[in-house]
Visitor: 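There's a structure below that I have some questions on.
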Amino acid sequence: MSENQIDEGLRSELQKRGVWVTSTQELYNWGRRNSIWPLQFGLACCAIEMIATAASRYDLARFGGEVFRPSPRQADLMIVAGTVTKKMAPQIVRLYNQMPDPKYVISMGACAISGGPFKQGYNVLKGIDRYIPVDVYIPGCPPRPEALLHAFMELQRKIKEQELTGKNKAAHLDRAQPSEFPVPDFGAHDLEPPSNPNIFHPPKLERV
Amino acid sequence: MESLEEIKARVEAAVPGAKIEVVPNAAVAAQSSLLLDREHAVALAQFFRDDPALKLDHCSNVTGVDWLDRKVAKKVKVKKVVEGVEKEVEETEEEFFPGYLEAVYHLFSMSLKHGPVIIRMRTPDRAAGAHLPSLTSIWRSAEFQEREIFDLYGIKFDGHPDLRRILMWDEFEDFPMRKDYKEPDDYEYEPTPHDEVLEKAQQHYPPRPQLDGAEKITATDSHG
């Protein structure tokens, strides 16, 4: 148990006596995780599922994420919903850099994860995690709205666990951690560089 | 609508000096096409659009084709003196066809409700001579599609109002739809590689160890 958490037994005991106890961290994370404002943009067919998730049938508002912001300055979450072409990738990284901390990324669908069906093509980026850190990956082509809701809840769980102080404090509170990442340039044959080696670690191939 | 041979005869009479070739298509679709010569292509296209019997006023599609250099082996009978006797000997000769790039236009008539008439133009070669006259002045709808062909095949359309890359970025130098295009090598682990992907994957496999046995390629997370 971390030093920032309250003993569950003591808390329930106090609650029975009408005293509600919390910590700054809990209150802070509770507020943050229930008002995640996504950046309003879509890239391909996954965006249609994202729109469906935000609409009345699936209703992302139940989780506090319905406020899609048209400006990266007001957004907490980037849902990369769709195929990232190499021509689009620098703009995605630039938008991510313009978002204020703390910020999170959901990589939605096969294309945003790995290039998906277009992986062997010449114009599609083989996963947005080559340039920006991703918090939650959703497989699917496209993923159903339930899958996006699941990813959203997964992200909420992740935010709930984040600590404000101490050794394991959240990345956005750690000055040593970068919050902006280099924007790739358009090269003669490919993006320059083709990935950010500091954050992208492709699997190593081994014979067994 | 009249046959392609009839169109060819009429249009060659109307545009002096123009040469048209009927390119037959033996496949089931049987969509044969007309090959226009580059020098008269714009005048010919104007005829196709304005002729009252054709009125091909709608250019629905423009696309490119890349034809690589070809070598065709042919068997030729040659007379030769073998051991003092003249004999007929079969020899194989290789015939060389230089490659070229092609632009294909699909034309319809909205007013007469017929089509398609397919016209083609060929470049003299695949390198510096890859120029074709632009037909954007005849069919406005060809503008973006000619830009796309320029972007992906590298055919330069002379007389095009705004010939820039349309899909790839301006700094890009290759032509990805050409058959000899080599894409950048940004390969990573592929769980079920096959065909060309397998060939690509094998170039990235670690070297074979001394002991040769049942083995497979797996990926381990480099985070450990």
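Each chain gets a letter, A, B and so on, in the order the sequences are listed, and its residues count up from 1.
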Visitor: Quick one: do the B/S134 and B/E146 side chains pair a donor with an acceptor below 3.5 Å?
Guide: yes

Visitor: Checking B/K182 against chain A: side chain, backbone, both or neither under 4.5 Å from a heavy atom?
Guide: neither

Visitor: Which residue out of A/R130, A/K86, A/K87 racks up the most heavy-atom pairs below 4.5 Å with chain B?
Guide: A/K87

Visitor: Side chain, backbone, both or neither: which part of B/E173 has a non-hydrogen atom closer than 4.5 Å to chain A?
Guide: both

Visitor: For residues 147-156 of chain B, which residue pairs qualify under side chain to side chain donor-acceptor pair (under 3.5 Å), counting only residues two or more places apart or in two chains?
Guide: B/D151-B/R165

Visitor: Within a radius of less than 6.0 Å around CD of B/E196, do more than 12 heavy atoms belonging to other residues, nucleotides or ligands occur?
Guide: no

Visitor: Without placing hydrogens or testing angles, list every side-chain donor-acceptor pair under 3.5 Å for residues 38-54 of chain A, not counting sequence neighbours.
Guide:
residue, atom, partner, partner atom, Å
A/T53, OG1, A/E49, O, 2.6

